[in-house]
A.B. asks: 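Here it is: the structure, laid out below.
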Amino acid sequence: MTKPDVNVNGVWMSTVGAALYERRLPVLPDVEDNTLKLAERDGVLDFGATYGPRTLTLTFEITSSAADFNATVSALARTFNSRRGVLALEFADMPDKKWRCVYAGTLQLGATGSRLIDVQLRMNDPWPTSAQDTELHEYGDGLAFGDGYFYTDHSFAITAPGQTFTVNNAGSNDVGPLIRITGAFTNLSLTDGYGTLTLTGSTTGTDVIEIDCATDKQTVKKNGVNAYAMSNRVFPLLLPGDTEFTVTGAAVNVRIEFVFRYKYLY
């Protein structure tokens, strides 16, 4: 059985003298109902619901000696200092998942003589993600086994209109990928069966188009410069599982890469 431990920004807490004693981690974040009450009408109008932030509490037991007790508490204060911004947590029993949190609460010891200390955290984006993304890494990039990367199957060479390819989302939640298109085309379209992303115009073999489909971004850039006007403002989301895309256009000779982190409900 894996010994309870948590890694914060690359440091396992057990190495600084703080053992993970308890973890209160909701399976799902709280639901926030969007309803409207009308005068002189029974009930409410239901406009659906969304998830709020996910809150979690970690309880640590100070395992260092009495002489090092205060040094360990100081190390915890430095680790969870809110000025550090977003913290990336990884639990020993859930490897390859990152829980991105901010400190939210009071770092406080229990009663006098207690070696237990609670840490309250909040995930503004409530969904844990894969530790690595799907960006293409070629052999010869200088990577070694264990560097935390994998050779992606999310990159596709397209040389003819009508060609299809399948993108796998191994997570359990929808995700808006970064779609990177490198190469030449005229009036290219990507269809996933639900909608069609269209790019109007022509590119050369060295041009790079990046479409960021994240719901809080939704940008289109050509060689790093805003090119939103060449799109039809459709930004595909990848559902869990496989999504098949069909490419159409003229003079198509491109590589299409999907870069994202898997998102998980838990």
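Counting from 1, the numbers follow the sequence of the chain as shown.
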A.B. asks: State, to 0.1 Å, how close A104 and R122 come at their nearest heavy-atom pair, and which atoms those are.
C.D. replies: CB-NH1, 3.5 Å
A.B. asks: Please evaluate residues T59 and D118 with respect to the criterion side chain to side chain donor-acceptor pair (under 3.5 Å), reporting the C-alpha separation (whole Å), side-chain torsions for both, the decisive distance (0.1 Å), and the verdict.
C.D. replies: CA-CA 4 Å; T59 299; D118 289 334; 2.5 Å; yes
A.B. asks: Work out which heavy atom in A19 is nearest to a heavy atom in T63; give both atom names and the distance.
C.D. replies: CB-CG2, 3.7 Å
A.B. asks: Less than 3.5 Å apart, which donor and acceptor atoms pair up between the side chains of residues 35-50 and the rest of the protein, not counting sequence neighbours?
C.D. replies:
from	atom 1	to	atom 2	distance (Å)
K37	NZ	R41	O	2.7
K37	NZ	G43	O	3.3
D46	OD1	G48	N	2.8

A.B. asks: Do the side-chain N and O atoms of T243 and D192 include a donor-acceptor pair separated by under 3.5 angstrom?
C.D. replies: no
A.B. asks: Say whether T196 and T191, considering side chains only, have a donor N or O and an acceptor N or O under 3.5 Å apart.
C.D. replies: yes
A.B. asks: Show the numbers, then the answer: is there a side chain to side chain contact (heavy atoms under 4.5 Å, CB included) between T182 and D207?
C.D. replies: CA-CA 6 Å; T182 305; D207 286 330; over 6 Å; no
A.B. asks: Any ring pair (Phe, Tyr, Trp, His ring centres under 6.0 Å) pairs touching residues 224-251, not counting sequence neighbours?
C.D. replies: F165-F245, F245-F258
A.B. asks: State whether E90 and K98 are salt-bridged, where the test is any N-O pair (Lys NZ or Arg NE/NH1/NH2 against Asp/Glu carboxylate O) under 4.0 Å.
C.D. replies: yes
A.B. asks: Against the six-membered ring of F91, is R23 placed for a cation-pi contact (under 6.0 Å from the centre, within 45° of the normal)?
C.D. replies: yes
A.B. asks: Do T198 and S189 pair up side chain to side chain, a donor and an acceptor below 3.5 Å, judged on atom types alone?
C.D. replies: yes
A.B. asks: If you apply the rule side chain to side chain contact (heavy atoms under 4.5 Å, CB included), what do you find for I181 with R255, and how did you get there?
C.D. replies: CA-CA 6 Å; I181 304 173; R255 177 167 290 277; over 6 Å; no
A.B. asks: Does Y266 have any ring-ring contact (aromatic ring centres under 6.0 Å, His included) partners at least two apart in sequence or in another chain, and if so, which?
C.D. replies: W99
A.B. asks: Quick one: do L25 and I117 end up in the same hydrophobic cluster if we chain Ile, Leu, Val, Met, Phe, Trp and Tyr together by side-chain heavy atoms under 4.5 Å apart?
C.D. replies: yes
A.B. asks: Pairing donors with acceptors under 3.5 angstrom, does anything connect the side chains of T246 and T164?
C.D. replies: no
A.B. asks: For a side chain to side chain contact (heavy atoms under 4.5 Å, CB included) check, start with the C-alpha distance between V119 and L121, then their side-chain angles and the critical distance, and finish with the verdict.
C.D. replies: CA-CA 7 Å; V119 181; L121 301 165; 4.0 Å; yes
A.B. asks: Please answer: with hydrophobic residues joined when any side-chain heavy atoms are less than 4.5 Å apart, are L199 and L237 in the same cluster?
C.D. replies: no
A.B. asks: Would you call R54 and D125 a salt bridge, taking side-chain N to carboxylate O under 4.0 Å as the test?
C.D. replies: no
A.B. asks: Do L107 and V73 belong together in a cluster built from hydrophobic side chains that touch within less than 4.5 Å?
C.D. replies: yes
A.B. asks: I'd like to know if the side chain of S14 pairs up with that of D5 as donor and acceptor (distance under 3.5 Å, no hydrogens or angles considered).
C.D. replies: yes
A.B. asks: With a 4.0 Å cut-off on N to O distance, would you call R180 and E135 a salt bridge?
C.D. replies: yes
